[in-house]
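Lettering follows sequence order; numbering is per chain, from 1.
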Amino acid sequence: MRIIDKPADWPADEAAALAVQDELRGQVVLDEPGPPPGTGLVTGVDVAYDDERDLVAAAAVVLDARTLTVVEEATAVGRVSFPYVPGLLAFREIPTVLAALGALRGEPGLVVCDGYGRAHPRRFGLASHLGVLTGLPVIGVAKNPFTFSYERPAPGRGASTPLVADDEEVGRALRTQEGVKPVFVSAGHRVTLDNACVHTLHLAPRYRIPETTRRADSLCRRALKEATA
DNA sequence: GCGACAG
DNA sequence: ATCTTGTCGC
């Protein structure tokens, strides 16, 4: 498999990355409701790393939002382009994710990624960054609370509690399964937080993690193994 | 200043 | 993220 190139002007260090965040974060759109849940297409993206070989594999899996069946899959393999720095995850993941999304024949519809959007120290996490670069509606669903503290939601599926920063609700701890640790949802771009939560519940009828992320996670691991083999 | 911190 | 087998439970 061919190894994709990151953009020539991709930031090389933290200072450059912070400057890019400052330049792009004003372009986030948060007053559009976004696509209606349960209809159309929804695409999960995720990446897996092999730091030994300096490789990263990304996957994009398109699902029918109504049936949650797979419509299309694409992968891409690249060099690790940035170290893991909390707050700068996007610079590590996005180049290869863009390549995987670009390899799709059809349109992605709503994109769901691992991580945060608006709920970010600088209000510009992975989901927002990906949204601005592609123009697509994007939401972030994370497995951990990152820097946020939260009140435990009621035990029932669908219960949620706000993630607050500077008196703003930047995200939500959302219970997708009864009695199971919540996931952490935030709007990325061109989607409302309310709508992002409804989408997330729709995508997680059986497990804590949305089907989009589950499919993308297993696919990018497979792609990494094949690239490594 | 120190520690914590999505993946 | 990743290192890693079996095992308890529905």
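- Secondary structure note: stems in DNA chain B built from 3 or more consecutive Watson-Crick or G-U wobble pairs under 3.5 Å do not occur.
- Contact check of residues 132-165 of chain A against DNA chain B (heavy atom, cut-off under 4.0 Å) returns A142(A), K143(A), N144(A), F146(A), T147(A).
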ask   = Could you write out DNA chain C as a dot-bracket string, with dots for unpaired bases, | for bases paired across to another strand, and Watson-Crick or G-U pairs counted at under 3.5 Å?
value = ..........
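- The salt bridge (charged side-chain N to carboxylate O under 4.0 Å, His left out) analysis of residues 185-199 of chain A, with sequence neighbours excluded, yields the pairs E32(A)-R190(A), R172(A)-D194(A).
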For residues 140-151 of chain A, which side-chain donor-acceptor pairs fall under 3.5 Å, sequence neighbours excluded?
residue : atom : partner : partner atom : Å
K143(A) : NZ   : D114(A) : OD1          : 3.4
K143(A) : NZ   : D114(A) : OD2          : 3.3
N144(A) : OD1  : K181(A) : NZ           : 3.2

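- Phosphate contact (OP1/OP2 of dA1(C), side-chain N/O of R92(A), threshold under 4.0 Å): absent.
- Evaluation of the side-chain hydrogen bond (donor to acceptor under 3.5 Å, both in side chains) test over residues 17-29 of chain A, restricted to residues two or more places apart or in two chains, returns Q21(A)-R122(A), D22(A)-R25(A), D22(A)-R122(A).
- Reading DNA chain B from its 5' end, the first and the last nucleotide to sit under 4.0 Å from a heavy atom of chain A are dC5(B) to dG7(B).
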For nucleotides 4-6 of chain C, give me every protein contact, N/O to N/O, under 3.5 Å, one pair per line with atom names.
none

Return all side-chain donor-acceptor pairs below 3.5 angstrom for residues 82-108 of chain A, not counting sequence neighbours, or 'none' if the list is empty.
residue : atom : partner : partner atom : Å
R92(A)  : NH1  : F82(A)  : O            : 2.9
R92(A)  : NH2  : D51(A)  : OD1          : 3.4
E93(A)  : OE2  : Y49(A)  : OH           : 2.9

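- Near-neighbour residues of DNA chain B inside residues 111-122 of chain A, defined by a heavy atom below 4.0 Å, number-ordered: D114(A), G115(A), Y116(A), H120(A).
- Other cluster members for V29(A): none, since no ILVMFWY side-chain heavy atom sits under 4.5 Å from it.
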All N/O pairs under 3.5 Å across the protein-nucleotides 7-10 of chain C interface:
none

